[in-house]
Asker: 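I am attaching a structure below and will ask some questions about it afterwards.
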Amino acid sequence: MAVRADLETALRAASKAIGVTDVPDLELGRAKNPDHGDYASSAGLKLARGLRQPPNQIAARLAEVIEIPDGAATPQAIGGYVNFRLSEAWLQGLVERVATGGPGYGASDIGRRERIQVEFLSVNPTGPLHIGHGRGAILGDSLARLLEFTNHDIEREYYVNDQNTQARMFGESVYARLHGDPPPERGYTGEYVSELAEMSRRELTGIEKLPHDEAEPKLRAFAIAAMVDRIRASVGRLNVRYDEWFPESQLWAEGLPQLAIERLREGGYLKEREGALWFGPALEEEDGLGEQVIAEDESRVVIRSTGEPTYFASDLGYLLSRFERRHFNRVVEVWGADHHGYVPRMKAAVAALGYDPERLVIILNQLVNLKEGKMSKRAGRFVTLDELVDRVGSDAVRYFYLLRSPDTTIEFDLELALSQSNENPVYYAQYAHARLFNVELTAAEKHPRLRETADVSLLTQPWELDVARQLAFWPEVVEDATRLMEPHRVPYYVHDLATAVHRFYHAGNEDGAHRVVVDDPLLTRARLELCRAARHTLKTALDLIGVTAPERM
RNA sequence: GCCCGCUUAGCUCAAUGGAUAGAGCGCUUGACUUCGGAUCAAGAGGUUGCGAGUUCGAGUCUUGCAGCGGGCACCA
């Protein structure tokens, strides 16, 4: 379906036809200069060395020999380049296919039902989400949508840390508030902790009378459940959903960390030192005294000298849970860049447990920093994700975050975000969608009995073909965004398509003969087909980034 | 100190090693008595942080330097 892939295949075949045995990457991509057509390839330059011929001759021969399926494009050799221009007839046919095919255009089977878990956000459920958390949530959710669209079998998971140090500290903090005490050192101080204490008094009858050791676990479970509900609601407002909320405690109930430790011990990956149990893939290194030495940056404590396991022990079990128990072929995790130092250890752990580390894919996204002086935790002002969504709206928030590649740091300026929320580029795209919808209604009113099928050969105006051309690009955008796991490519595409749509519409303002709705029912019908194709594709693309496609604004 | 990421127009950001580096915002100037002006058209604005290297070709790859962010726990 993706025309770029068809052209590339054809070009490779042509390369072989002129005597190339081992065809390198020919770098077929979009032409930047319109004079060069729609796609360009530097095939002649790439093949010159191997063939020992001048690039321009090679390009010329390729253009002569190449057979392009469906007459999708015409080749032209310029210098060492082979350029392609999408043909008018093919573009017209595409409009019809997209218009009648519904909203699935661009979907592909590159996933082949591969079973993948996408785990994202997974922050300790010990407080409300703040502005920075939104980025991981939106990135992970959009990635999952893309992977689903390309036929991967996706499960979205939130890993709930319900029994680690932070969780216990959370329980202790609620306990303290329940008894009117200040929270413990490095405990949780927010007002919501006191609210949780009050809630627990109402809902856990007699809780305040229980001794500490009995009360704290109950309070912890209660408070975490409440926070998980709150997190679920917060991300739900952003159109983010999960299939599974997987508690850390379940790992231990299933004996998975224990099993992982056993396996690592058998593999010689564990070492006792100073009363603690360490994981270290570099165990085979020896120092001069014959003592085994663990390379410092690779090693990690699994069981503390106190006998308590660390989060790393849970993570080992979590890997088994997913690869061994639940049989995911790959696991994609979205992490904030502040955890990047942990990547090598997790990869090493995957390998030590006997799995290909490639099966663990870690997507890092840079942090969202608050502009200094605007707000401060110490000053008691905490900008929550909920507050941002309240004031800007889900669509604008999602678009704002997704317009940035994961590896740029965002300097978040709340005031600026609020003052510019009406200028968010998301409205440009949504307006294009609403506009098309409206035009289609108008067409139906003026011509109540239009033909079932359109004569798309009537779509000959350059601004009409430009819309069709954008449609042609959509499958490759999906493919690239999926393969590179870069959802930000989608909103950039949406903007390009919306631009083509607005221009197409405006041609009718310049000259009434170019409107969609004209006296000629056949011409109206053909343009209506283009509107539908563009609208479906806009909607599909917006869906993939979790943004609504309104019919009126 | 060591490790990771970033540095592109005034600002926020795009750009598979390919031809003339693109958008949005802001700025200047234009465009509707008729399909929605949250729109469209035109213009100004660049030594891609600095230097070296690889290559027919570098914003993109390698390397040195500088600046910014993050990380280097028996925290997560």
Side-chain angles (χ1 to χ4, degrees), chain A residues 25-33 35-36 40-42 45-46 48-49 55 78-81 83 122-124 126 161 164-167 169 186 273-278 296-297 300-312 314-315 336-344 364-367 369 400 403-411 413 416 420 422-432 434-443 445-446 480 483-484 488-489 491-492 495-496 498-499 501-510 512 514-518 524 527 531 552-553:
Chain A
D25 183 1
L26 298 174
E27 300 197 17
L28 180 79
R30 292 265 293 279
K32 286 178 185 164
N33 185 335
D35 291 343
H36 300 148
S41 160
S42 51
L45 294 160
K46 290 285 179 213
R49 180 166 299 178
I78 305 177
Y81 297 90
N83 299 326
S122 300
V123 297
N124 281 324
T126 54
N161 293 106
N164 61 15
T165 313
Q166 300 303 316
M169 188 60 80
R186 296 167 72 179
R273 195 174 74 186
E274 292 165 16
L277 191 62
W278 292 72
E296 212 158 297
D297 56 342
R300 206 75 184 179
V301 169
V302 182
I303 305 286
R304 298 185 181 97
S305 52
T306 61
E308 287 175 304
T310 64
Y311 66 92
F312 187 60
S314 293
D315 283 345
D338 52 339
H339 288 73
H340 76 262
Y342 195 45
V343 174
L364 295 172
N365 63 298
Q366 293 296 318
L367 302 182
N369 293 320
F400 174 82
L403 273 175
R404 282 149 182 84
S405 118
D407 46 27
T408 68
T409 307
I410 293 180
E411 186 97 343
D413 185 331
L416 200 64
Q420 293 187 348
N422 286 333
E423 295 157 14
N424 191 298
V426 73
Y427 302 117
Y428 181 82
Q430 292 182 317
Y431 186 57
R435 197 173 221 184
L436 289 172
F437 185 83
N438 197 264
V439 171
E440 289 172 51
L441 284 185
T442 308
E445 279 171 23
K446 165 128 185 171
D480 290 346
R483 182 171 43 85
L484 302 169
H488 74 272
R489 292 168 184 275
Y492 278 96
H495 184 269
D496 288 344
T499 296
V501 165
H502 285 308
R503 283 183 182 154
F504 159 66
Y505 178 90
H506 245 273
N509 284 357
E510 301 291 321
H514 296 141
R515 288 169 188 255
V516 174
V517 184
V518 288
T524 302
R527 289 175 180 164
C531 289
R552 45 182 56 85
M553 296 170 68

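Values reported hereafter were calculated over all heavy atoms of this structure, with side chains retained and with hydrogens, waters and symmetry mates removed. All chains are named by letter (A, B, ...) in the order of the sequence lines, taking the proteins before the strands, and each is independently numbered beginning at 1.
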Asker: Can you list the residues that meet the side-chain hydrogen bond (donor to acceptor under 3.5 Å, both in side chains) rule with A:Tyr428, with sequence neighbours excluded?
Answerer: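 For A:Tyr428, the residues satisfying side-chain hydrogen bond (donor to acceptor under 3.5 Å, both in side chains) (neighbours in sequence not counted) are A:Thr499.
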Asker: If you measure from the C1' atom in B:G57 to the same atom in B:G17, how many Å do you get, rounded?
Answerer: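 About 8 Å, rounded to a whole number of Å.
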Asker: For A:Lys32, which residues count as a side-chain contact (heavy atoms from CB on, under 4.5 Å) partner, sequence neighbours excluded?
Answerer: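 A:Lys32 satisfies side-chain contact (heavy atoms from CB on, under 4.5 Å) with no residue once adjacent residues are dropped.
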Asker: Pick the P atom in B:A19 and in B:U12, then give their distance to the nearest Å.
Answerer: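 The answer is 27 Å between these two P atoms.
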Asker: Which whole number of Å gives the distance between the C1' atom of B:G22 and that of B:U33?
Answerer: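 Taking atom C1' in both B:G22 and B:U33, they lie 38 Å apart.
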Asker: Send over the distance from A:Leu436 CG to B:C35 C1', rounded to a whole Å.
Answerer: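 It works out to 11 Å between those atoms.
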Asker: Check every atom of B:C74, B:C56, B:A14 against the side chain of A:Arg49 and return the nucleotide holding the closest atom.
Answerer: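 Nucleotide nearest to A:Arg49's side chain: B:C56.
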Asker: In whole Å, measure the gap between the P atoms of B:G49 and B:C11 for me.
Answerer: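 It works out to 13 Å between them.
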Asker: OP1 or OP2 of B:A76 sitting under 4.0 Å from any side-chain N/O of A:Thr310?
Answerer: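 Answer no for this pair, as no side-chain N or O of A:Thr310 is under 4.0 Å from OP1 or OP2.
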Asker: List, with names and distances, any nitrogen or oxygen atoms from the protein found under 3.5 Å away from nitrogen or oxygen atoms belonging to nucleotides 19-25 of chain B.
Answerer:
from	atom 1	to	atom 2	distance (Å)
B:A19	N6	A:Asn83	OD1	2.4
B:A19	N6	A:Asn83	ND2	3.3
B:A19	N1	A:Asn83	ND2	3.4
B:U20	N3	A:Asn33	ND2	3.4
B:U20	O4	A:Asn33	ND2	3.0

Asker: Just the atom pairs and distances: protein N or O near nucleotides 67-71 of chain B's N or O, under 3.5 Å.
Answerer:
from	atom 1	to	atom 2	distance (Å)
B:G69	O2'	A:Asn369	ND2	3.4
B:G70	N2	A:His340	NE2	2.7

Asker: Check whether any side-chain N or O of A:Thr165 sits under 4.0 Å from OP1 or OP2 of B:A76, and answer yes or no.
Answerer: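 Yes, within the criterion.
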Asker: Please report the distance separating the P of B:U63 from the corresponding atom of B:C3, rounded so that it comes out in whole Å.
Answerer: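 Rounded to whole Å, the distance is 11 Å.
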Asker: Is the phosphate of B:G36, meaning OP1 or OP2, less than 4.0 Å from a side-chain N or O of A:Asn438?
Answerer: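 Result: yes.
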Asker: Side chain of A:His502 only, heavy atoms from C-beta on: which candidate in B:C74, B:U39, B:A15 is closest?
Answerer: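 For A:His502, the side-chain atoms sit closest to B:U39.
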Asker: To the nearest angstrom, how far is A:Met553 atom CE from B:G37 atom P?
Answerer: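 After rounding, the gap between these two atoms is 13 Å.
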Asker: I'd like to check A:Phe400 versus A:Val426 (side-chain heavy atoms, cut-off strictly below 4.5 Å). Are they in contact?
Answerer: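 Counting from C-beta outward, A:Phe400 and A:Val426 never come under 4.5 Å.
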Asker: Sticking with atom P, work out how far B:A52 lies from B:G59, rounded to a whole angstrom.
Answerer: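 Straight-line distance between the two P atoms is 14 Å.
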Asker: Which nucleotide in the set B:C56, B:A31, B:A76 lies at the smallest distance from any side-chain heavy atom of A:Glu510?
Answerer: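 Nucleotide nearest to A:Glu510's side chain: B:A31.
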Asker: Taking only the side-chain heavy atoms of A:Arg515 (C-beta and beyond), determine which of B:C75, B:C35, B:A38 contains the nearest atom.
Answerer: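 In terms of side-chain proximity for A:Arg515, the closest of B:C75, B:C35, B:A38 is B:C35.
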Asker: Any chance you could encode RNA chain B as dot-bracket? Rule is Watson-Crick or G-U wobble with both distances under 3.5 Å; [ ] for pairs crossing earlier ones, | for another strand.
Answerer: (((((((..((((....[...)))).(((((.......))))).....(((((..]....))))))))))))....
Asker: Assign A:Gly512 to base, sugar-phosphate, or nothing according to its heavy-atom contacts below 4.0 angstrom with the strands shown.
Answerer: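 If one applies the 4.0 Å heavy-atom cut-off, A:Gly512 turns out to touch nothing in the nucleic acid.
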Asker: Can you find a side chain N or O atom of A:Arg404 that sits less than 4.0 Å from OP1 or OP2 on B:C13?
Answerer: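 Answer is yes, contact under 4.0 Å.
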Asker: Is there aromatic stacking of A:Tyr311 against B:C75, centre distance under 5.5 Å, plane angle under 30°?
Answerer: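 By the stated criterion, A:Tyr311 and B:C75 do not stack.
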Asker: Identify whether any heavy atom of A:Arg552 sits under 4.0 Å from a base atom; if not, whether one sits that close to sugar-phosphate; answer base, sugar-phosphate or nothing.
Answerer: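 Since a base atom lies under 4.0 Å of A:Arg552, the category is base.
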Asker: B:C35, B:A14, B:A38: which one has an atom nearest the side-chain heavy atoms of A:Tyr427?
Answerer: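 Nearest listed nucleotide: B:A38.
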Asker: Pick base, sugar-phosphate or nothing for A:Thr408, based on heavy-atom distances below 4.0 Å to the nucleic acid.
Answerer: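 Sugar-phosphate contact only - A:Thr408 comes under 4.0 Å of backbone atoms but never of a base.
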Asker: Taking the P atom in each of B:C40 and B:G24, what is the distance between them to the nearest angstrom?
Answerer: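 That atom pair is separated by 8 Å.
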Asker: Enumerate donor-acceptor pairs with a distance under 3.5 Å from any side-chain N or O in residues 337-344 of chain A to protein atoms, sequence neighbours excluded.
Answerer:
from	atom 1	to	atom 2	distance (Å)
A:His340	ND1	A:Ala337	O	2.8
A:Tyr342	OH	A:Asp315	OD2	2.9

Asker: Any donor and acceptor pair, going by atom type alone, linking the side chain of A:Thr524 with main-chain N or O of A:Val518 inside 3.5 Å?
Answerer: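 A pair under 3.5 Å: yes.
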Asker: So, is the end of the A:Arg435 side chain (NZ or CZ) under 6.0 Å from the ring centre of A:Tyr505 and within 45° of the ring's axis?
Answerer: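 Here A:Arg435 passes the 6.0 Å and 45° test against A:Tyr505.
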Asker: Could you check how far CZ of A:Phe437 sits from P of B:U39, rounded to whole Å?
Answerer: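 Distance, rounded to whole Å: 21 Å.
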